[in-house]
Amino acid sequence: YLAYIYHVMGSNYEAAVLADYVGRHARTADPAKAADAAYLAMHAYLQLYHDAPSDGRGFEEERVVNACNILMTEFSESVHANEARVTLADLYRLQGNPVEAVKVLAAVPESSEYWPQAQIAAGQTLWLAHENVNDIPAERKPSPEERDRWAADAKAHVQAGIARLAERTSIDAAAREKLISGRTTLAAILIDEGEYQKALDLLAGPSDPILGAVSIAQGETRPDEGVRSESFAAYAYYLLLRCYVGLQQIDEALRAMKEFEAVAGDNSADGRTYKQLGDQLEQEMQRLSDAGDRTRLQELRASYEQFLGSL
């Protein structure tokens with residue numbers, strides 16, 4: 001209890017030390033309490049990691065990894081073990097090591113209730129790495145062939161997780177959020193493959209559309225996080241715009257542009273909205289050029305030129 005109080009007060013070093021001690025020494029007498037303590041230690045060290053300067057997190061990073069490993073090995077049957085895997089995977093992802101992140105997530109057993117979320121997280125990790133390959137350290141940068149495998153594996157993981165969650169008769173709010181974010185990632189992958197109509201069906205089709213999940217009531221304030229946040233909703237409308245441009249449905253693309261501005265904030269007067277879209281387009285064209293996909297590159301350029309000519 002004292003460790004928890006320290007954590008609430010923001011004294012995370014004290015909280016981590018006390019919780020880690022209980023987690024190590026109460027395993028025999030009270031395994032459930034020991035697992036809860038180890039979980040608290042992980043969160044306290046994780047907060048210390050985020051609070052530390054980016055160029056001086058070595059100690060905190062080591063303690064987070066250690067706390068996650070304790071939960072994953074000593075308390076593998078605990079409800080906290082899977083969250084530890086996700087935490088460790090996020091850490092590997094931030095380090096530019098998506099392969100290790102996916103290995104950790106893949107360790108979640110298929111019999112676990114959390115397996116679908118882990119599959120979606122694994123796919124999103126690979127897709128994010130695929131999209132931001134230039135940010136990966138040189139010593140871990142993949143070959144073009146490996147990068148293509150990342151994209152294929154990302155799609156397979158996300159589809160597996162979505163399919164399993166869709167089988168459930170009811171899901172809690174957190175699983176629902178992961179389902180919507182997973183379907184959004186799948187839409188992005190389909191757009192990258194040139195499957196614009198399939199992506200559009202996910203975003204705005206008749207069956208549980210993504211845009212319906214990210215919408216809010218008139219006058220309602222968007223939350224800071226989650227699928228109804230401004231950043232996530234704006235991304236969904238950006239994907240909608242991409243679909244219509246790819247399908248050369250210019251009138252619909254112009255309407256999607258207005259919807260995008262309404263969510264992200266109408267910054268068209270100073271060009272920030274258009275610059276964002278232009279930057280993302282430039283990155284995609286560069287990826288297609290690097291991959292030698294001249295047909296897709298020419299199609300994409302022609303579609304966007306037609307769209308821009310209509311603005």
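We number each residue from 1, following the sequence as shown.
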Checklist entry - Is a salt bridge present between E193 and K198, judged by a nitrogen-to-oxygen distance below 4.0 Å? => result no
Checklist entry - Hey, what do you get for CZ (R57) to OH (Y49), rounding to the nearest 0.5 Å? => result 4.5 Å
Checklist entry - Can any side-chain N or O of R147 pair as donor or acceptor with the backbone N or O of H130 at less than 3.5 Å? => result yes
Item to check | Test ring pair (Phe, Tyr, Trp, His ring centres under 6.0 Å) applied to F59 - qualifying residues, sequence neighbours left out | outcome: none
Item to check | Under 3.5 Å donor-acceptor, R222 side chain and V214 backbone | outcome: yes
Checklist entry - Aromatic rings Y21 and H25: how do their planes relate, parallel, tilted or perpendicular, breaks at 30° and 60°? => result parallel
Checklist entry - Aromatic rings H43 and Y39: how do their planes relate, parallel, tilted or perpendicular, breaks at 30° and 60°? => result perpendicular
Next on the checklist: Let me confirm one number: the NZ-CG distance from K178 to L165, rounded to the nearest 0.5 Å.
Outcome noted: 10.0 Å
Next on the checklist: Given 3.5 Å as the limit, does a donor-acceptor pair link the side chain of E60 with the main chain of H50, or not?
Outcome noted: no
Item to check | D172 atom CG, neighbour heavy-atom count above 12 within 6.0 Å | outcome: yes
Next on the checklist: So that I can tick it off, tell me whether R176 and D208 are bridged by a salt bridge, with the cut-off set at under 4.0 angstrom between side-chain N and carboxylate O.
Outcome noted: yes
Checklist outcome for this item: Output for pair (E252 CD, L241 CG), nearest 0.5 Å, gives 11.5 Å
Checklist outcome for this item: CD1 (I120) and OG1 (T125) are apart, to the nearest 0.5 Å, by 11.5 Å
Next on the checklist: Taking atom CD as the centre, does E225 end up with more than 12 heavy-atom neighbours from other residues, nucleotides or ligands that are less than 6.0 angstrom away?
Outcome noted: no
Item to check | Flag side-chain contact, heavy atom, 4.5 Å: N69 against L88 | outcome: yes
Checklist entry - Between E100 and K103, is there a side-chain N and carboxylate O pair less than 4.0 Å apart? => result yes
Next on the checklist: Tell me whether K141 at atom NZ has more than 12 heavy atoms from other residues, nucleotides or ligands lying less than 6.0 Å away.
Outcome noted: yes
Next on the checklist: Go through it in stages, so that I can follow the logic: the residues are N82 and S112, the test is side-chain hydrogen bond (donor to acceptor under 3.5 Å, both in side chains), and I'd like the CA-CA distance, side-chain angles, deciding distance and then a yes or no.
Outcome noted: CA-CA 9 Å; N82 289 327; S112 168; 3.0 Å; yes
Item to check | Side-chain heavy-atom pair I171, R168 within 4.5 angstrom cut-off | outcome: yes
Checklist entry - Would you say Y235 and T184 make side-chain contact, with heavy atoms under 4.5 Å? => result yes
